[in-house]
Amino acid sequence: MGSLVRFLFTLTAAVGAAALLAASLRRRAPPSGLPAQVVPSSHMEGRNRSFVLWLHGLGDSGPANEPIRNFFSAPEFRLTKWSFPSAPRSPVSCNNGFVMPSWFDIHELPMSAGSPQDENGVLKAVENVHAMIDKEVANGIHPGNIFVCGFSQGGKDSID
Ligand SMILES: *[C@@H]1O[C@H](CO)[C@@H](O)[C@H](O)[C@H]1NC(C)=O
């Protein structure tokens, strides 16, 4: 039952995210009304126009999340580069120090405002995300067409 609920949640979140991202990319389409992807631009030829960085949840892996791409079938995603990195394996305090893929340490669950936090780990994870984004910007993808998404530990509470 737990895994079914988790699957349905994942499905709902992915479909919701697909709709939001498609709408966002449509808004960024040039005023000509042409989809952004078909506007000819010599230096962008053969290149992706948007980048989606998807961060998995605690204990999961990037490759296991890759099928999520299949939910994003709108034409807006034709020239989207996807990245599903895997978190480094490290001991997780709230799981008795068990080593698993984790973006940063979690001391206790549920977390509250007073929970101890792995500030260094979070900052390092943020730096890694920034490095991945900077690389795509350097490769010519407009910063406004870059989306960071994820589930649970890899999640954000909004897509912007
Ligand atoms: C565009 O994105 C796709 C899907 O992520 C990837 O396979 C391809 O290598 C990317 N193309 C370039 C030129 O980066």
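Position 1 is the first residue of the sequence, and the numbers go up from there. When a ligand or atom number is given, it counts from 1 through the structure's own listing order.
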Check this for me: Q117, atom CD, are more than 12 non-hydrogen atoms of other residues, nucleotides or ligands nearer than 6.0 Å?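 Not more than 12 within 6.0 Å, no.
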What I'd like to find out is whether the side chain of P63 reaches to under 4.5 Å of the side chain of S86, using heavy atoms alone.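 They are in side-chain contact.
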Looking at N48, N139, I141, the heavy atom closest to atom 12 (C) of ligand 1 belongs to N48
Between W103 and Q153, which heavy-atom pair has the shortest distance, and what is it? N-OE1, 3.2 Å
Kindly indicate whether atom 9 (O) of ligand 1 is approached by any protein heavy atom to under 4.0 angstrom.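 Under the 4.0 Å cut-off, atom 9 (O) of ligand 1 has no protein heavy-atom neighbours at all.
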Under 4.0 Å from atom 2 (O) of ligand 1, can you find at least one protein heavy atom?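 Protein heavy atoms within 4.0 Å of atom 2 (O) of ligand 1 - there is at least one.
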Report, in ascending order of atom number, the atoms of ligand 1 lying under 4.0 Å from any heavy atom of K81.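 Within the 4.0 Å cut-off of K81, ligand 1 contributes 2 (O), 5 (O).
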Report yes or no: does T80 have a heavy atom closer than 4.0 Å to ligand 1? yes
Checking T80 against S50: is there a side-chain donor and acceptor pair closer than 3.5 Å? yes
Could you find the nearest protein heavy atom to atom 5 (O) of ligand 1 and give me its residue, atom name and distance?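 Answer for atom 5 (O) of ligand 1: W82 N, 3.0 Å.
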min-distance protein heavy atom vs atom 13 (C) of ligand 1 -> G46 O, 3.8 Å
From F51 atom CZ to H142 atom NE2, the distance as rounded to the nearest 0.5 Å: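 Going from CZ on F51 over to NE2 on H142, the span is 16.0 Å.
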Parallel, tilted or perpendicular: rings of F151 and W54 (30°, 60°):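 Judged by the thresholds at 30° and 60°, the geometry between W54 and F151 is perpendicular.
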